[in-house]
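In what follows, a structure is listed as structure tokens, so that the remarks can point back to it.
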Amino acid sequence: MRTVFSFAAVGILVGMMLSPAATAAELRVLAGGAMTAVWAGLKPKFEQTSGHKLDIFFAPLRT
């Protein structure tokens with residue numbers, strides 16, 4: 001579980017560092033249902049640290 005949490009956090013932070021503008025935004029995230037607990041822990045920390053708002057949708061992901 002911690003590994004998944006770490007990968008999600010690193011992915012978001014890398015995406016933010018590569019963006020040209022550093023203004024607050026609403027980010028929409030589509031995640032699988034298995035990620036519910038991960039995003040529940042990550043969302044408040046990310047929003048407080050970055051100033052960005054996360055709008056998370058959970059849906060079954062198909063491969």
Side-chain angles (χ1 to χ4, degrees):
M1 179 80 123
R2 282 193 164 265
T3 303
V4 173
F5 179 76
S6 297
F7 285 136
V10 169
I12 289 173
L13 294 176
V14 168
M16 285 182 55
M17 290 182 350
L18 295 176
S19 68
T23 59
E26 182 175 331
L27 304 171
R28 300 185 93 191
V29 177
L30 174 61
M35 298 291 290
T36 305
V38 174
W39 283 109
L42 181 63
K43 182 181 176 180
K45 294 175 187 174
F46 175 80
E47 289 179 343
Q48 182 181 18
T49 303
S50 68
H52 298 287
K53 183 179 187 308
L54 290 179
D55 192 11
I56 304 171
F57 298 92
F58 296 99
L61 301 178
R62 297 182 182 175
T63 57

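Heavy-atom basis, side chains included; hydrogens, waters and symmetry copies ignored.
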Calculate, to the nearest 0.5 Å, the distance between atoms [atom1] and [atom2] belonging to [X] and [Y] respectively.
| X | Y | atom1 | atom2 | answer |
| --- | --- | --- | --- | --- |
| Leu27 | Lys43 | CG | NZ | 11.0 Å |
| Glu26 | Asp55 | CD | CG | 4.5 Å |
| Lys53 | Glu47 | NZ | CD | 6.0 Å |

Is a donor on one side and an acceptor on the other found under 3.5 Å between the side chain of Thr36 and the backbone of Gly33?
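Yes, Thr36 side chain to Gly33 backbone: donor-acceptor pair under 3.5 Å.
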
Does some side-chain heavy atom of Leu54 sit less than 4.5 Å from a side-chain heavy atom of Trp39?
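They are in side-chain contact.
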
Heavy-atom side-chain proximity of Phe57 to Val29 below 4.5 angstrom:
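No, too far: nothing below the 4.5 Å cut-off.
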
